[in-house]
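Below, chains carry the letters A, B, ... as their sequence lines are ordered, and counting in each starts from 1. Quick caveat: nothing in here was measured; it's all calculated off a predicted structure.
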4 protein chains.
Amino acid sequence: MRKIAPTPTPGRPRDPETGQRILDAALRLLAAQGYSRMSLDAIAVDARVSKPTMYRRWSSKADLATAALRTLQLAEPRPDSGSTPADLIATLENFSRSLLRPNGMSLIGTVLAEEAHTPELLRLFRERIVTPRRAMLRAILDRAAERGELRAGADLDAAVQMLTGAFYARYLAQSKIEPGFARQLVEIVWNGLRKVKARR
Amino acid sequence: MRKIAPTPTPGRPRDPETGQRILDAALRLLAAQGYSRMSLDAIAVDARVSKPTMYRRWSSKADLATAALRTLQLAEPRPDSGSTPADLIATLENFSRSLLRPNGMSLIGTVLAEEAHTPELLRLFRERIVTPRRAMLRAILDRAAERGELRAGADLDAAVQMLTGAFYARYLAQSKIEPGFARQLVEIVWNGLRKVKARR
Amino acid sequence: MRKIAPTPTPGRPRDPETGQRILDAALRLLAAQGYSRMSLDAIAVDARVSKPTMYRRWSSKADLATAALRTLQLAEPRPDSGSTPADLIATLENFSRSLLRPNGMSLIGTVLAEEAHTPELLRLFRERIVTPRRAMLRAILDRAAERGELRAGADLDAAVQMLTGAFYARYLAQSKIEPGFARQLVEIVWNGLRKVKARR
Amino acid sequence: MRKIAPTPTPGRPRDPETGQRILDAALRLLAAQGYSRMSLDAIAVDARVSKPTMYRRWSSKADLATAALRTLQLAEPRPDSGSTPADLIATLENFSRSLLRPNGMSLIGTVLAEEAHTPELLRLFRERIVTPRRAMLRAILDRAAERGELRAGADLDAAVQMLTGAFYARYLAQSKIEPGFARQLVEIVWNGLRKVKARR
DNA sequence: CATGAATGAGCTTTCATTCAT
DNA sequence: AATGAATGAAAGCTCATTCAT
């Protein structure tokens, strides 16, 4: 009488949407409350599932939080206009926008705060967000180098870290970032990196 | 009948060490565990006092944590060698050392992560640490400007934020900061700020 | 494909006894210790459950205490023998027995003592106990009035309150109530209420 | 050089006002919060003394609370107009006013609620308040008996307890007591007690 | 004698996790 | 697979009482 399941995996299949809803809720709460304040009960309510449903997919709170972080993907345009300063400014303005989203800095804060307790959070945040963004900026500078725009010997990684780090420092100082900030940064760094043409 | 020196304060005097021990323990745990994981029980054990002793001095967890943060004071030498890059490098190397102390970055992380929940932490951290350091670097650049070393129109605040921010970005990318990093930063920024001498 | 009777409620069902055990323990402790001394730990031990099990059912101590009070139900026979004094005496003797149960008066005490702090307790006690009992006595007198036994103009509510209140006053004066007390009360009140027959 | 103290008790004498302030505060809080919620800290603040000052005079919370209760004294006029009903009504209206003072019933509640835990409270309350009031009412009825106004065989104590108890019952039912309530009570009881004149 | 400081034990409430259906 | 029920362990905070000055 039992119907043979045609699909290779027997039993009730998982609803793929459920997992996504859980991850979304987890990420939202992780950013809003921080890791230790984020409660699995709150995620369960938010995602409209029960807690064992979450435990079936992830083995612990840390596991779920890291899975949620893993879904973060830097998805931003990679400008390539030919003008190095313009590309840098465009990239940094995207960065600025993402930091200023609600709880944008809180998420960074919690991965740093939890480094001793849940180091995986920081590792994943690096892998998904920090490293790709750094690579984008680095690529812009590499193209500039190929075009012979840069003086020799400049530490391009240091330049990249100044450009992004300035936003952290600015937020830490004021919780806000003015429009035009990116332009000011690029002006100084570009001046510091580019090859000075011989004057006549 | 005259009382020359009446008892200065009635009642049993507080052991002045006790308060300090509590604040030390609180600051240590705040940095190590983050605000929300920091428990008053743990502080009490660490400081070898009972919890009511803590509550007699501070009215709540948030009150104690902010008091602990308030004791943070930036106490660093303010180099003034006459050489702008040398002064910048010396200041940044001090900064680097403080970030690399155990949980140096975690403390920054937790004040950011708690911004929504306990904004006083971030406010105090700014007042005690961020702003003074920014002022030190700014003063070095202001002296350079007075000596006529800088090109016109450069945004000195942006420069300061790049110099400090680069350390945050570096840590976020790697959890470590190489010796010599400060020098690389200063080279680029100094190049970007200084007045270019006419060539012959 | 049709599911005639789907699982009536999903998830693990509650043990119906558990909730009852908690309510019983709560009511016992409420009467024995008073509301503010009644501790959730003690209830948990008494009912052999964990505290979260209690919090799953009731959201706070006040909530649980009021739920426990709500289970109180006046379940007493409503005598209707045709003789007004006999009915009054029978009803009051039941009342007397319930007051003399262990902590019978303490429960009344705590709902009064908590009136400022947890007014719901008094409200529920009225609804479940005081009002029904008053109605029982009032009904006896109303039947007497219908039978033309009462003189005109007597305040029957006042009579009811004297009959019950005398027990409170007696307990307050002596912590005990003699057998025969109800009869004495009824004799006076009945004399005061009934229509005096013309004498010959 | 030391001056011999002329008073027989050496050392600093106690300020008698201090003790009174403490007792006043204790009684106020006992009525307002109930015994178990009444905190010695709150009393100390209210009376502007330190806690050891309280412990020097009374050995425990229970001791202080009973001492506070002991200060209660029924101080009411004892009407003696020649009219029994008028005297009863006047006495009961005083009683009513004292019950309706803020927390008048809460105090009764807490002494009942604490009977198991601190029986001394109930004992003292009886001695200071309940018994004297009962005696006042009883005296009115005794005078009536002497004047030959009462029928034989009536239980005068039961009558007294109905008259006072009705107020408890009324408050328990409604938290308020209407003006005129005393008159209604007395009408019924007086009818029930007095000697019926022969009719012709 | 009076003070402010200190304490051990307790309170209500919440959490991450596991169980039973 | 999914649910609601259950739990041990902890959290922040307060209390009656005692100590040291």
Q: Would you mind telling me which of E:dT12, E:dT17, E:dA5 lies closest to the side-chain atoms of C:Y55?
A: E:dT12
**Q.** Distance in angstrom units between D:R48 CZ and E:dC1 P, rounded
**A.** 21 Å
Q. A:M38 CE to E:dT14 P: how many Å, rounded?
A. 18 Å
Q.
Does a side-chain N or O of B:S39 approach OP1 or OP2 of F:dA11 to a distance below 4.0 Å, or not?
A. yes
Q: Round to a whole Å and report the spacing from CG of B:D41 to P of E:dT7.
A: 14 Å
Q | cation_pi(A:K61, A:Y55) dist<6.0 Å, angle<=45 | A | no
Q: Could you tell me the separation between the CG atom of A:L64 and the P atom of E:dT17, rounded to a whole number of Å?
A: 10 Å
Q: Confirm from the modelled atom types if C:K51 and E:dT13 form a donor-acceptor pair under 3.5 Å, side chain to base only.
A: yes
Q) Quick one: are C:L64 and C:L40 in side-chain contact, heavy atoms under 4.5 Å? A) yes
**Q.** Any-strand Watson-Crick or G-U partner of F:dC15, both distances under 3.5 Å
**A.** E:dG8
Q: Could you check how far CG of B:L40 sits from P of E:dT7, rounded to whole Å?
A: 15 Å
(Q) For B:P13 and C:S60, find the nucleotide of DNA chain E closest to each by heavy atoms; which residue's nucleotide sits nearer the 5' end? (A) B:P13
**Q.** Atom pair distance, as rounded to whole Å: CD1 in D:I43 and P in F:dC15
**A.** 12 Å
Q. How close or far is atom C1' of E:dA5 from atom CZ of B:R21, stated in whole angstroms?
A. 13 Å
Q.
Is the shortest side-chain heavy-atom distance between C:L69 and C:V111 below 4.5 Å?
A. yes
(Q) Over all strands shown, is A:P52 touching base, sugar-phosphate only, or nothing at heavy-atom distances under 4.0 angstrom? (A) base
Q: Measure the spacing between CZ of D:R126 and CG of D:L122 and express it to the nearest 0.5 Å.
A: 4.0 Å
Q | Between C1' of F:dA6 and CZ of C:R57, the distance in whole Å | A | 9 Å
**Q.** Lys/Arg N to Asp/Glu carboxylate O, D:R37 vs C:E114, below 4.0 Å
**A.** yes
Q | DNA chain E-proximal residues of residues 112-122 of chain A, any heavy atom under 4.0 Å | A | none
(Q) Applying a 4.0 Å non-hydrogen cut-off, can you work out what B:R56 is touching in the nucleic acid: base, sugar-phosphate, or nothing? (A) base
Q: Determine yes or no for a side-chain-to-main-chain donor-acceptor pair under 3.5 angstrom, with B:R128 supplying the side chain and B:R70 the backbone.
A: yes
Q. Is the side chain of C:T110 donor-acceptor paired with the backbone N or O of C:Y35 at a distance under 3.5 Å, no angle test?
A. yes
Q: Could you let me know what E:dT21 is paired to, Watson-Crick or G-U wobble, both distances under 3.5 Å, or none if it's on its own?
A: F:dA2
Q. To the nearest 0.5 Å, how far apart are CG in C:L27 and CG in C:N103?
A. 10.0 Å
Q.
If you assign each of A:T53 and B:S36 to its closest nucleotide in DNA chain F, which residue comes earlier from the 5' end?
A. A:T53
Q.
Tell me if the side-chain of A:K61 makes a donor-acceptor pair with the base of E:dT17, cut-off 3.5 Å, by modelled atom types.
A. no
